[in-house]
Undergrad: 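This is the structure I have questions about; it appears just below.
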Amino acid sequence: MLKNIVVIGAGSMGNGIAHVFAQHQFSVTLTDVSATQLETAKNTIARNLARGVKKERLTEAEAAAILAGIQYTTDASTAYKNADLVIEAVSEDEALKKMIFKQLDVSCKENCILASNTSSIAIHQLAAATTRPERVIGMHFFNPVPVMPLVEIIQGDATATEVVHTIQNLTQVIGKTGVLARDVSGFVANRILLPMLNEAIGTLDQGVSDVTGIDTVMKLGMGHPMGPLELADFIGLDVCLSILEVLYTSLGEAHYKPQPLLKRLVAKGHLGKKSGRGFYDYAGEDKVALQSF
Ligand SMILES: NC(=O)c1ccc[n+]([C@@H]2O[C@H](COP(=O)([O-])OP(=O)(O)OC[C@H]3O[C@@H](n4cnc5c(N)ncnc54)[C@H](O)[C@@H]3O)[C@@H](O)[C@H]2O)c1
């Protein structure tokens with residue numbers, strides 16, 4: 001029976017994952033190296049819950065109980081010891097993730113499940129940093145986590161079938177649909193999505209159309225709810241770049257080679273919605289499509 005959940009990394013994904021588990025009565029600890037990120041995550045969760053109360057999706061008492069179910073800390077050593085499941089959601093950096101899995105292997109009890117929310121790094125590579133690869137699995141959530149109903153579940157070479165079943169059941173308990181994917185970089189979602197986002201950026205850079213034009217074509221012409229440039233901003237341009245780099249290195253296909261414009265924007269710190277500027281400017285109430293980069 002899983003009860004105590006630790007989420008590592010309080011960025012775009014970590015706050016949503018913590019929110020969803022607390023909403024389903026799990027005891028959650030959210031940890032990050034940055035106290036500021038933890039504060040931002042706490043405020044984001046409170047704001048999202050307040051919106052739910054306003055829309056009468058939950059009561060004030062329920063929102064308060066969810067908030068009270070999450071502990072925030074920069075030192076999760078005690079939480080690691082009691083954890084039944086740890087979900088790693090730090091930046092998409094293989095060396096960093098391996099370092100964290102090594103640390104978890106030392107700190108967590110023997111039967112604790114170690115999951116990664118990685119978008120592109122093969123699970124067996126993270127599992128190799130531990131002495132318990134049979135208890136390492138991929139749990140790939142989608143952004144925004146409280147809203148998106150999918151979890152890709154990735155079984156590494158050594159992941160025990162029992163662990164896969166536990167995570168499949170858990171995914172149902174938190175109200176999501178799980179899809180099992182093989183442990184090949186990018187799994188299903190990002191292997192298919194990222195070339196499209198990369199191509200949209202190249203299309204913009206070659207002046208085929210502007211930001212509004214490209215996003216409108218894909219929304220009205222293809223029925224996508226969000227244009228690819230807006231979606232890239234929402235995911236985070238740094239996250240898109242990291243995923244493309246992993247996919248390009250591991251799959252070697254030219255369409256994963258990150259577009260120069262993407263690299264330029266990330267180098268300038270224009271990371272999309274989370275930094276206030278990417279293909280759109282988010283300073284005002286309504287986002288504004290930018291004309292030059
Ligand atoms: N953004 C998306 O739409 C999305 C969707 C699915 C999966 N993912 C994956 O989820 C993971 C997190 O992505 P994100 O968008 O939330 O990134 P983010 O940049 O918003 O947040 C990453 C967080 O990790 C923290 N961090 C860095 N090093 C740490 C450490 N040693 N210990 C604890 N915390 C640390 C950072 O302070 C930051 O708060 C990545 O692997 C990414 O590929 C992202």
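By convention here, the first residue in the shown sequence is residue 1. When a ligand or atom number is given, it counts from 1 through the structure's own listing order. All values derive from a computational prediction rather than experimental measurement.
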Undergrad: Below 3.5 angstrom, do we get any N/O pair linking Glu92 and ligand 1?
TA: yes

Undergrad: Nearest to atom 17 (O) of ligand 1 by heavy atom, Ile121, Leu38, Val239: which?
TA: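 Looking at heavy atoms only, Val239 sits closest to atom 17 (O) of ligand 1.
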
Undergrad: For atom NZ of Lys176, decide whether the heavy atoms of other residues, nucleotides or ligands shown that lie under 6.0 angstrom number more than 12.
TA: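 Counting other residues, nucleotides and ligands, NZ of Lys176 exceeds 12 neighbours.
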
Undergrad: So is Phe142 polar-close to ligand 1, meaning N/O to N/O under 3.5 Å?
TA: no

Undergrad: Does the N or O separation between Ser34 and ligand 1 drop below 3.5 Å for any pair?
TA: no

Undergrad: Below 4.0 angstrom from a heavy atom of Thr118, which ligand 1 atoms are there? Numbered from 1 as shown, please.
TA: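 Those of ligand 1 that fall under 4.0 Å from Thr118 are 41 (O).
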
Undergrad: Relative to the heavy atoms of Ala89, which atoms of ligand 1 are at a distance of less than 4.0 Å?
TA: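 Listed by number with element, the hits are 11 (C), 12 (C).
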
Undergrad: Tell me if the NZ atom of Lys257 is crowded by more than 12 foreign heavy atoms within 6.0 Å.
TA: no

Undergrad: Given the rule that I, L, V, M, F, W and Y join up when any side-chain heavy atoms are under 4.5 Å apart, are Val20 and Val179 in one cluster?
TA: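 Different clusters: Val20 never reaches Val179 through Ile, Leu, Val, Met, Phe, Trp or Tyr contacts under 4.5 Å.
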
Undergrad: Taking atom NZ of Lys3 as the centre, report whether more than 12 heavy atoms of other residues, nucleotides or ligands fall under 6.0 Å from it.
TA: no

Undergrad: Run the numbers for me: atoms of ligand 1, each under 4.0 Å from some heavy atom of Lys274, listed by number.
TA: 18 (P), 19 (O), 20 (O)

Undergrad: Determine whether more than 12 heavy atoms belonging to other residues, nucleotides or ligands lie under 6.0 Å from atom NZ of Lys54.
TA: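 Atom NZ in Lys54 is not packed in, count stays at 12 or less.
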
Undergrad: Using a 4.0 Å cut-off to any heavy atom of Asn143, which atoms of ligand 1 qualify?
TA: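 Answer for ligand 1: 1 (N), 2 (C), 3 (O).
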
Undergrad: To the nearest 0.5 Å, how far apart are SG in Cys112 and NZ in Lys81?
TA: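 Going from the SG atom of Cys112 to the NZ atom of Lys81 covers 13.0 Å.
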
Undergrad: How long is the gap from CD1 on Ile113 to CZ on Arg132, to the nearest 0.5 Å?
TA: 10.5 Å

Undergrad: To the nearest 0.5 angstrom, please state how far the CD atom of Glu39 sits from the OG atom of Ser34.
TA: 10.0 Å

Undergrad: Quick one: look at Phe234 and ligand 1, take heavy-atom pairs under 4.0 Å, and tell me if it's side chain, backbone, both or neither.
TA: neither

Undergrad: Just to confirm my output: which protein heavy-atom neighbour is closest to atom 24 (O) of ligand 1, and how far is it?
TA: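 That would be Val90 CA, 3.5 Å.
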
Undergrad: Above 12 or not: heavy atoms from other molecules or residues under 6.0 Å from NZ of Lys274?
TA: yes

Undergrad: What is the distance from atom OH of Tyr280 to atom CG of Asp215, rounded to the nearest 0.5 Å?
TA: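 Here the rounded value is 3.5 Å.
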
Undergrad: Among all the protein's non-hydrogen atoms, which is closest to atom 20 (O) of ligand 1, and how far away is it?
TA: Ser12 N, 3.0 Å

Undergrad: Take Met99 and Leu96, measure what side-chain contact (heavy atoms from CB on, under 4.5 Å) needs, and give me the verdict at the end.
TA: CA-CA 5 Å; Met99 191 263 285; Leu96 172 65; 3.9 Å; yes

Undergrad: Look only at interatomic distance and state if Ile235 has a nitrogen or oxygen under 3.5 Å from any nitrogen or oxygen of ligand 1.
TA: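 Right, the criterion is met.
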
Undergrad: For atom CZ of Arg264, decide whether the heavy atoms of other residues, nucleotides or ligands shown that lie under 6.0 angstrom number more than 12.
TA: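 Yes, CZ of Arg264 has more than 12 neighbouring heavy atoms, counting only those of other groups under 6.0 Å.
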
Undergrad: Can you list the ligand 1 atoms lying under 4.0 Å from a non-hydrogen atom of Lys97?
TA: 40 (C), 41 (O)

Undergrad: Taking the basic N atoms (NZ, or NE/NH1/NH2) and the acidic carboxylate oxygens, is any pair closer than 4.0 Å for Arg277 and Asp233?
TA: no

Undergrad: Looking only at protein heavy atoms, which one is nearest to atom 13 (O) of ligand 1, and how far off is it?
TA: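 Scanning the protein heavy atoms, the shortest distance from atom 13 (O) of ligand 1 goes to Met13 CG, 4.0 Å.
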
Undergrad: At under 4.0 Å between heavy atoms, which part of Val33 makes contact with ligand 1: side chain, backbone, both or neither?
TA: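 Both the backbone and the side chain of Val33 come within reach of ligand 1.
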
Undergrad: Could you list which atoms of ligand 1 come closer than 4.0 Å to a heavy atom of Ser91?
TA: 22 (C), 24 (O), 27 (C)

Undergrad: What residue and heavy atom of the protein are closest to atom 21 (O) of ligand 1, and at what distance?
TA: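 In this structure, atom 21 (O) of ligand 1 has Gly11 CA, 3.3 Å as its nearest protein heavy atom.
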
Undergrad: Using a strict cut-off of 4.0 Å, indicate which atoms of ligand 1 neighbour a heavy atom of His140.
TA: 6 (C), 7 (C)

Undergrad: Tell me which protein heavy atom sits closest to atom 31 (N) of ligand 1, plus the residue, atom name and distance to 0.1 Å.
TA: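 Going atom by atom, the protein heavy atom closest to atom 31 (N) of ligand 1 ends up being Leu96 CD1, 3.5 Å.
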
Undergrad: Which atoms of ligand 1 have any heavy atom of Gln37 under 4.0 Å away?
TA: 37 (O), 38 (C), 39 (O)

Undergrad: Tell me which one of Ile8, Asp32, Asn190 gets a heavy atom nearest to atom 25 (C) of ligand 1.
TA: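 Checking each option, the heavy atom nearest atom 25 (C) of ligand 1 is found in Asp32.
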
Undergrad: Which option out of Ser275, Gly272, Pro144, Ser119 puts a heavy atom nearest to atom 7 (C) of ligand 1?
TA: Ser119

Undergrad: With a sphere of 6.0 Å drawn around CD of Glu199, does it hold more than 12 non-hydrogen atoms of other residues, nucleotides or ligands?
TA: no

Undergrad: Give the residue and atom name of whichever protein heavy atom lies nearest to atom 10 (O) of ligand 1, and the separation in Å to one decimal.
TA: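 Of every protein heavy atom, Asn117 ND2, 2.9 Å lies nearest to atom 10 (O) of ligand 1.
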
